[in-house]
Amino acid sequence: MPLDQIGADAPAAVIPVFDPATAEQIAEVPDVGPRAVDAAVARARATFESGVWREMLPKHRAKVLWRVAEIVDRRIDEIVEVEARNNGMARWLARNLIASAAEVFRYYAGWVTKIHGQSTDIMAEGGISGANARYHAYTLKEPVGVAGLIIPWNGPFYGAMVKLAPALAAGCSCVLKPAEETPLTSLMLPEILAEAGVPDGVVNIITGYGETTGAALARHPDVDKIAFTGSTETGKLIVQAAAGNLKRVTLELGGKTPVLIYDDADLSKAVPGAGLGIFINAGQGCVCGSRLYVQRGVYDQVVEGLANFGKAMKLGGSDDPEAQVGPIISQRQLQRVSNLVEEGRVQGAEVVSGGRILDRPGYFFEPTVVTNVRPDMRMMQEEIFGPVIAVIPFDDEEEVIAEANNSTYGLAAGVWTREIARAHRLAKRLEAGTVWLNAQLAWDVSQPFGGYKQSGWGYEYGWEGLNAYLKTKTVYAEI
Ligand code: ADP
């Protein structure tokens with residue numbers, strides 16, 4: 001729905017939107033507030049109840065989703081332009097993520113015609129009548145209803161599409177709130193979805209701050225599900241807000257990914273793997289590997305290699321097509337990253353390379369390698385969400401497993417070793433929803449993605465990601 005429609009009667013505060021590479025304001029959007037949230041939810045509800053989307057023949061709904069992917073492919077240059085400018089991410093990364101977003105729609109387009117329940121013939125002994133009875137029982141898969149989708153700023157377009165695709169495949173109607181820092185590519189979606197054939201009112205985009213507009217969506221009594229990606233702290237607030245009508249909640253939260261490099265690892269792959277695994281997107285990814293445990297025999301070599309890898313990375317804004325890494329999203333976030341590194345330094349950590357804010361416009365922080373850290377330091381406990389990696393030596397397996405698992409988070413973990421049995425043993429023992437063996441940042445829409453511990457509830461991607469937007473009804477028929 002166009003913003004001028006939903007925000008018409010709301011006392012909209014204005015949110016300035018910046019290019020983080022220059023710190024210049026490039027747009028402004030309204031903080032639409034609770035009344036506009038009511039209006040958007042009412043529209044989503046009306047389209048859901050009307051059946052205009054959920055009762056569309058699956059083969060037709062599938063075609064609409066496929067067309068969304070085609071339109072995104074066709075308009076990719078334009079979307080990359082806006083995404084790179086608003087988020088600051090390097091163009092190559094924006095292009096990868098937006099192309100992947102189209103693939104996510106193709107993947108879920110394939111599922112639409114394969115959503116079905118199961119049937120069973122059962123005999124209940126001594127049933128309610130005291131006699132044995134035979135039943136034919138079957139399950140129906142039905143969309144959960146109105147889904148509220150709340151997304152963060154670190155991969156704005158991709159993040160929106162990853163939630164929309166399974167929600168739409170399931171037949172839900174949606175209200176989507178992008179992050180206040182990065183609303184611009186989400187605002188391109190109404191046009192894309194309309195051209196593809198998504199009926200008007202099925203997807204409603206609202207812009208606003210988390211505490212006002214986001215919170216109003218999370219607590220709304222007529223929203224059936226919230227799918228949230230963001231910080232663990234905000235995830236807990238969402239859970240509380242959702243309690244009012246016990247709406248379903250899926251959460252993709254923070255991480256503190258440990259990566260283990262053994263003496264026998266192929267360092268020609270492990271070092272750049274670990275480097276890219278943290279410095280990509282300036283460390284602003286929930287699965288970025290921020291704790292690197294290196295076996296003593298190759299410790300010095302890895303620290304040096306990683307420092308060189310970081311120093312060689314080309315930082316730049318969206319106007320620089322050669323840039324490998326962009327800025328941090330905001331001044332506030334830049335200061336937080338800098339403070340965490342400074343605090344570690346004061347407590348005895350050694351900054352081997354990087355560690356400084358760049359002396360140029362925008363919010364750039366150098367790729368940073370830190371050693372001499374202790375597990376109780378804030379930079380070892382909290383998600384930094386910046387290009388900062390701590391390197392810690394280890395000797396034996398039990399020690400490193402205990403340290404790697406010493407975190408409230410459990411989103412991802414990585415192991416680099418040539419010993420196959422060890423790799424698989426560690427995959428079982430590391431407490432994380434995703435484990436990479438001799439790989440880093442690998443992901444595919446066909447594989448479930450979710451967090452252990454305080455990294456989340458439920459799964460995205462794959463069948464499980466679709467099932468998160470479906471409910472199951474059981475039907476018994478006496479035969
Ligand atoms: P960050 O700290 O990285 O900004 P958040 O978890 O605060 O991450 O934000 C992720 C998304 O959650 C954003 O769209 C933000 O507006 C939204 N948000 C923040 N606070 C709340 C809240 N209390 N209720 C609902 N949504 C919120």
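The structure displayed is predicted, hence computed values, not measured ones. One-based numbering, in listed order, for ligands and for the atoms of each.
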Kindly tell me which protein residues have any non-hydrogen atom under 4.0 angstrom away from an atom of ligand 1, grouped by chain and ordered by number?
Ile150, Ile151, Trp153, Lys177, Pro178, Ala179, Glu180, Gly210, Gly214, Ala215, Phe228, Thr229, Gly230, Ser231, Thr234, Leu237, Ile238

Between Ser186 (side chain only) and Pro178 (backbone N and O only), is there a donor and an acceptor less than 3.5 Å apart?
no

Qualifying side chain to side chain donor-acceptor pair (under 3.5 Å) pairs, either residue in residues 358-372, two or more places apart
Arg356-Glu366

Are the charged groups of Lys163 and Glu252 less than 4.0 angstrom apart, N to O?
no

Side-chain H-bond candidate by donor/acceptor type, Asp31 with Thr213, under 3.5 Å:
yes

Name the residue from Phe18, Phe385, Tyr158 that meets the ring-ring contact (aromatic ring centres under 6.0 Å, His included) definition with Trp153.
Phe385

Set out, in order, the CA-CA distance, both residues' side-chain angles and the distance that settles side-chain contact (heavy atoms from CB on, under 4.5 Å) for Lys471 and Arg248, then state yes or no.
CA-CA 10 Å; Lys471 50 194 182 188; Arg248 286 151 198 256; 3.7 Å; yes

